[in-house]
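Accompanying notes for the structure given below.
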Amino acid sequence: MKVKVLFFASCRELAGTKEIAVTLEGAENSTEALRKKLVELLPALEPVAWGITLAVNHEYTDPGQNVQLKDGDEVALIPPISGG
Amino acid sequence: MKVKVLFFASCRELAGTKEIAVTLEGAENSTEALRKKLVELLPALEPVAWGITLAVNHEYTDPGQNVQLKDGDEVALIPPISGG
Amino acid sequence: MPEGAGNSPQDQSSSSATATSPHDLVMVTDQPLELSAMVAAVAGPKCGAISTFLGVTRDTHNGKTVVRLEYEGYAPMAEKELRKICEQARQKWSIEKIAIAHRLGVTAVEEASVIIAVSSVHRRESLEAVQYCIDTLKATVPIWYLEVYEGDSRVWKENAE
Amino acid sequence: MPEGAGNSPQDQSSSSATATSPHDLVMVTDQPLELSAMVAAVAGPKCGAISTFLGVTRDTHNGKTVVRLEYEGYAPMAEKELRKICEQARQKWSIEKIAIAHRLGVTAVEEASVIIAVSSVHRRESLEAVQYCIDTLKATVPIWYLEVYEGDSRVWKENAE
């Protein structure tokens with residue numbers, strides 16, 4: 001299955017891109033697996049990939065929560081925010 | 001001595017005027033005496049004259065406080081306010 | 001306060017504007033109030049936050065249709081009380097600038113009777129100070145309004161709190 | 001949002017505006033924010049009170065001179081979170097209308113990065129709701145800024161509270 005992964009702000013600068021498509025195989029259908037995969041694909045993300053907040057389809061997930069992913073999901077890496 | 005007395009809002013309508021000059025004789029040099037004098041001059045003020053808040057030279061006086069007046073003072077009758 | 005030459009808050013012919021400190025503007029005026037001018041009066045490069053409050057004439061009261069409000073004020077004392085409010089607010093919070101303007105005369109539905117603008121470096125101070133200013137204004141500033149209803153009946157109002 | 005034909009909040013070409021209910025307006029936009037448009041969006045004959053908050057770019061941070069801020073946002077999720085804030089505010093207070101707009105892109109010193117306007121019948125609700133909205137926005141809406149200093153150094157910022 002394929003998910004879209006979006007990078008913002010400091011994370012975008014680390015990743016060197018705003019967006020990538022990630023293919024997850026078989027049992028890799030969770031956010032924990034995705035974090036691992038992202039570090040493989042973009043080693044510069046290693047310092048942040050494990051602790052960073054993830055949003056799946058525009059909804060925050062809890063830190064440490066391992067969320068099931070499905071084909072076509074949009075996952076965003078959310079560094080500490082500073083709006084307002 | 002003479003004081004200027006100002007009327008506002010509902011009080012102005014009762015008094016029929018915005019302003020009068022009041023002459024106070026001898027020992028009449030206080031706000032209590034002024035209240036009495038106002039009722040004599042403008043009997044329509046009778047229902048309010050005793051309890052209404054007074055300001056002397058742009059400063060509120062406490063209800064029931066008998067404030068000394070001097071020549072040239074400006075006294076205003078302050079009905080319940082509704083600004084803002 | 002309409003835009004144009006000579007129409008800064010200090011220039012209004014039938015109003016008086018006094019700065020309590022170089023940083024505060026208080027005024028009572030029979031001219032329409034202008035929010036952008038109030039915000040401009042408190043803005044500045046050190047201000048990270050600007051909070052404003054507008055008191056606006058509503059179209060109903062107690063089920064009756066309000067046609068307009070008519071405000072009357074003891075102008076010199078009203079300004080004095082407004083300046084006191086600015087000073088008291090500055091004692092309570094670290095504030096950059098304050099601007100308070102109250103309208104006198106006829107105020108139609110959806111027109112502002114009062115505008116308060118407060119600026120501060122961070123948000124908490126201006127948010128709290130603007131509440132304090134309107135609450136204190138309603139309790140202390142010698143201004144009155146009467147409501148004019150459809151059918152031309154009218155009532156002098158009193159602030160509840 | 002500059003005035004003129006086709007420049008209502010919904011028409012901004014590089015922004016998106018969504019009403020969460022018929023009474024609320026939320027938007028993220030790369031166009032300059034316009035306070036008078038935000039106030040107009042929440043005004044109405046039933047509204048006796050309008051409270052607004054403007055977050056504005058300051059010229060210094062930690063002693064360094066700030067040249068500008070650059071805002072970046074996850075726009076669709078930011079709008080969703082803004083709509084949630086409107087709904088939550090309505091659960092807590094009796095509100096007439098809410099309008100929240102956040103700027104993206106370059107925001108110069110003294111320009112607004114965020115404007116919130118809330119209207120209510122009486123003052124307490126809009127005064128409290130506008131605080132709630134900015135506090136919650138800073139805690140939940142996926143928007144980031146970096147500070148660009150004189151000398152061209154830059155830092156991604158995080159909200160403290």
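Each chain gets a letter, A, B and so on, in the order the sequences are listed, and its residues count up from 1.
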**Item:** Sub-4.5 Å side-chain heavy-atom contact between B/Glu74 and C/Tyr74
**Value:** yes
**Request:** Before giving the answer on side chain to side chain contact (heavy atoms under 4.5 Å, CB included), spell out for C/Trp156 and B/Arg12 the whole-Å C-alpha distance, their side-chain angles and the decisive distance to 0.1 Å.
**Result:** CA-CA 11 Å; C/Trp156 284 103; B/Arg12 175 176 53 70; 3.6 Å; yes
Can you name the closest pair of heavy atoms from [X] and [Y] and give their distance?
X       : Y        : answer
C/Met77 : B/His58  : CG-O, 3.4 Å
B/Ile81 : C/Thr140 : CD1-N, 3.4 Å
B/Gly84 : C/Ser113 : O-OG, 3.5 Å

**Prompt:** Under a 4.5 Å heavy-atom cut-off, does chain C meet the side chain of B/Glu59, its backbone, both or neither?
**Reply:**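 Contact with chain C: backbone and side chain both.
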**Message:** At under 4.5 Å between heavy atoms, what parts of residues 142-150 of chain C are in contact with chain B? List them by residue number.
**Reply:** C/Pro142, C/Ile143, C/Trp144, C/Tyr145, C/Leu146
**Asked** Taking non-hydrogen atoms and a cut-off under 4.5 angstrom, which of residues 44-58 of chain C neighbour chain B?
**Response** none
**Prompt:** Do C/Glu72 and B/Lys18 pass the salt bridge (Lys or Arg N to Asp or Glu O under 4.0 Å) test, and can you show the C-alpha distance, the side-chain angles, and the key distance before you say yes or no?
**Reply:** CA-CA 11 Å; C/Glu72 183 174 338; B/Lys18 285 187 187 182; over 6 Å; no
**Prompt:** By a 4.5 Å heavy-atom criterion (distance strictly below it), what part of C/Glu81 contacts chain B: side chain, backbone, both, or neither?
**Reply:**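 Side chain only.
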**Message:** Return the OH to NZ distance between B/Tyr60 and C/Lys80, rounded to the nearest 0.5 Å.
**Reply:**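 So the gap between those two atoms works out to 11.5 Å.
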**Message:** For the interface with chain C, which of B/Pro80, B/Ala9, B/Ala55 has the highest count of heavy-atom pairs at distances below 4.5 Å?
**Reply:**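 The residue among B/Pro80, B/Ala9, B/Ala55 with the greatest pair count is B/Ala9.
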